[in-house]
Number of protein chains: 2
Amino acid sequence: MKALVVDDDLVLADVVSFTLRRAGFDVLLAHDGVTALERFYAESPGIVILDLQLPSKDGLEVCREIRTKSDTPIVMLSVRDSDDDVVKGLALGADDYITKPFSPAQLVARAQAVLRRAGKNPLPGKLTFVGITLNPDRHTFERPDEPPIQLTQLEFKLMETLMLNHEQVLSVNTLIDRVWGPNGADRAMLKQLVYRLRRKIEPEDTDNTVYIEAVPGIGYALMRRNQ
Amino acid sequence: MKALVVDDDLVLADVVSFTLRRAGFDVLLAHDGVTALERFYAESPGIVILDLQLPSKDGLEVCREIRTKSDTPIVMLSVRDSDDDVVKGLALGADDYITKPFSPAQLVARAQAVLRRAGKNPLPGKLTFVGITLNPDRHTFERPDEPPIQLTQLEFKLMETLMLNHEQVLSVNTLIDRVWGPNGADRAMLKQLVYRLRRKIEPEDTDNTVYIEAVPGIGYALMRRNQ
DNA sequence: CGATTTTGTGACCGTCTTGTGACCACATCG
DNA sequence: CGATGTGGTCACAAGACGGTCACAAAATCG
């Protein structure tokens, strides 16, 4: 799945592309509107990540032109929280938007959600990692050739966070924040939740491909079983 | 089918009209309340897309005046958090509303739904999904080779919403909003309505092709029976 | 007007989810 | 050595949730 990233901020573009690549996208870059359209026509990406402030051609214009030619999903990036531009962008046919600053996880989640909604699931669109899939529509966890496993709201949020940052250790506080929000729960609750999630995704009989690893004193990480 | 788009934001109006044109509407534009009414009388559009914030004449006033003269369907545009205006508009006779930001697909879907409900459908047609049909004229639900089932207003709106988004989970709040409008009912009412709708569309003796699935903690979805 | 249908409200029940405390094994450190 | 903190497991209770029912209020219709 090709993703075209259009941003004149070189550093930000770099970060975005790095994040998307790690999530399995094949990333193309453009730093202004004109080359964005050129690359769009040349490479036919499956999704476009589009900054609104651009030199040589405004983001909204790029959005419109792309939309006249195809219905490729577009995710907009905008600084201002004046949702004026956002409204225009969405009206022009953009499918979603993210206001800066944003977390890489956010971007990936939105991009995949948009692809899912558009029905263009090259990879089922959902959140995948080494063969397993998280289905946000039904809050299920799916392994190939296995019936889906229903997750509760909290279990789903935890799993989602771990998958978005797979093979990365997330601190206890970070996880609590993602799952329960600020002023959330305490360590004991997270411990409990991890236990419950493990029992659903790491049954002893199957050769589970992923598992939740505890890093003492730090937090947890979703790892892939080696070989 | 003529559609009159009333919005003082030139860019947004442009975009909305572009979207509607692509969906097959013949679009007229007005950027303030007075000209909106002029064009309305001159051209007799089949539907009006009306922004609530307008110069020279408030959107609510325009809505009221149109409604005193005819029953042309009206879809209002409003910024989020102005529930008050939305309520007033609906009370004044508007047929539906969309809060910004919205997606073009939403707008078209709503406009067509409103037209369908109003019985004036030169465009698409009844709402069908895997063989079953929703007939907006008679508020009936039809299965092949079965007598039509009469639905109440609320049951119909719920079914319509579920069918427009079939095989997608809709949150409880979304459903409440679509069925009862803003400041609508509570979860208990939706629960009750789902129960009543189920008894009509999922009788035990027939091999029902669709069913309403509850996703705990999230909402409901209209699903098709296994493969 | 009365009769019927539709809609809203409350209650009950079984189930699932979530929060809490307890216990154990293990490691670290004074 | 024991005190302390860690993560893993379990049991239990409070609460939320969905499904069902009965009944009253409100709307509709003849």
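Just so we're on the same page: letters track the sequence lines, and every chain starts at 1.
The distance from atom CG of B:D186 to atom C1' of C:dG10 is 11 Å, rounded to the nearest whole Å. Between the CD atom of B:Q153 and the P atom of D:dA27 there is a distance of 12 Å, given to the nearest Å. When rounded to the nearest whole Å, the span between CG of A:L151 and P of D:dC17 equals 18 Å. Atom P of nucleotide D:dA26 and atom CG of B:L154 are separated by 16 Å, given to the nearest angstrom. Separating the CE atom of A:M189 from the P atom of C:dT17 is a distance of 13 Å, rounded to the nearest angstrom. Rounded to a whole Å, the CG atom of B:L197 is 15 Å from the C1' atom of C:dT7. Distance NZ (A:K157) to C1' (C:dT18): 13 Å, rounded to an integer number of Å. Atom CG of A:L190 and atom P of C:dT20 are 14 Å apart (whole Å).
Between B:T152 and the phosphate of C:dT5, there is no side-chain N or O to OP1/OP2 separation shorter than 4.0 Å. Considering only side-chain N and O atoms, A:W180 lies nowhere under 4.0 angstrom from the phosphate OP1 or OP2 of C:dT18.
In this structure, B:Q153 places its CD atom where only 12 or fewer heavy-atom neighbours from other residues, nucleotides or ligands lie under 6.0 Å away.
Taking the charged nitrogens against the carboxylate oxygens, B:D95 and B:R67 do have a contact shorter than 4.0 Å, which makes a salt bridge.
Screening B:R196, B:K200, B:R199 for a salt bridge (charged side-chain N to carboxylate O under 4.0 Å, His left out) involving B:E155 leaves a single residue, B:K200.
Between the side chains of B:D32 and B:T35, at least one donor-acceptor pair of N or O atoms lies under 3.5 Å.
Of all heavy-atom pairs between B:M163 and B:L222, the closest is CG-CD2, 3.5 Å.
Under a cutoff of 6.0 Å and an axis angle of 45°, A:R225 and A:Y211 form a cation-pi pair. Within the cation-pi definition used here (under 6.0 Å to the ring centroid, within 45° of the axis), B:R178 qualifies as a partner of B:Y97.
In terms of position on DNA chain C, the residue among A:Q150 and A:A188 whose nearest nucleotide sits closer to the 5' end is A:Q150.
Within the nucleic acid shown, B:L193 has no heavy atom closer than 4.0 Å to any nucleic acid atom.
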Checklist line | Contact pattern, 5' to 3', of nucleotides 18-25 of chain D - B, S or - by protein heavy atom under 4.0 Å | finding: BBBBB---

